[in-house]
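Data first, discussion second: the structure below is written as structure tokens.
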Amino acid sequence: MKYEIPESEDIEWQQNMLRELSDRLDEIAGNDDRTTNEPLDDAIKILEALRAYSGY
């Protein structure tokens, strides 16, 4: 996994992940060139890390 999940509660990690997810989603929303999926792939990886962190 690209993002390491902390073993204990780390609010700063969670905030940073949410900022990164927001940035990637902004990139996707503003990207008219659909030839690259990198921002979407990153957003999915961040979401997976947040799910693992929260136990979802």
Side-chain angles (χ1 to χ4, degrees):
M1 183 176 287
K2 181 178 178 178
Y3 300 96
E4 295 217 13
I5 301 164
E7 292 190 23
S8 61
E9 189 173 325
D10 186 344
I11 193 72
E12 286 183 39
W13 178 87
Q14 189 175 23
Q15 290 169 338
N16 288 334
M17 289 291 96
L18 289 168
R19 278 187 202 101
E20 284 193 42
L21 179 57
S22 178
D23 290 347
R24 297 299 90 70
L25 293 173
D26 286 344
E27 286 179 41
I28 293 167
N31 188 1
D32 291 336
D33 177 16
R34 300 289 182 214
T35 60
T36 179
N37 286 332
E38 187 174 340
L40 179 58
D41 292 342
D42 283 345
I44 291 168
K45 289 175 187 172
I46 292 167
L47 182 59
E48 289 171 350
L50 286 165
R51 282 182 175 160
Y53 175 77
S54 67
Y56 174 71

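Here the structure is a predicted model, which means the values were calculated and not measured. Note: hydrogens, waters and symmetry copies are ignored here, and every other heavy atom, side chains too, is used.
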Check: Partners of Q15 by side-chain contact (heavy atoms from CB on, under 4.5 Å), sequence neighbours excluded?
Finding: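 Scan of Q15 (side-chain contact (heavy atoms from CB on, under 4.5 Å), adjacent residues dropped) gives I11, E12, R19.
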Next item on the list: Applying side-chain contact (heavy atoms from CB on, under 4.5 Å), name anything that partners L40, two or more places apart in sequence or on another chain.
Entry: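 Scan of L40 (side-chain contact (heavy atoms from CB on, under 4.5 Å), adjacent residues dropped) gives I28, I44.
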Return the minimal non-hydrogen interatomic distance between [X] and [Y], and the atom names on each side.
X   : Y   : answer
P39 : R24 : O-CB, 3.6 Å
Y53 : S8  : CE1-O, 4.0 Å
W13 : A49 : CH2-O, 3.7 Å

Checklist line | From CG (D10) to CD (Q14), nearest 0.5 Å | finding: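 It is 9.0 Å, given to the nearest 0.5 Å.
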Note to self: Please report the interatomic distance CG(L21) to CG(D26), rounded to the nearest 0.5 Å.
What the structure shows: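 Reported value, rounded in 0.5 Å steps: 9.5 Å.
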Notebook entry, point to check: Are E48 and R51 within salt-bridge range, i.e. N to O under 4.0 Å?
Noted result: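 Salt bridge between E48 and R51, a charged N being under 4.0 Å from a carboxylate O: no.
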Next item on the list: Answer with yes or no whether the hydrophobic clustering places L47 together with L18; edges join I, L, V, M, F, W, Y residues whose side-chain heavy atoms lie under 4.5 Å apart.
Entry: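 In one cluster with L47: L18, no.
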Check: So do E38 and D42 actually touch side chain to side chain, heavy atoms under 4.5 Å?
Finding: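 In contact.
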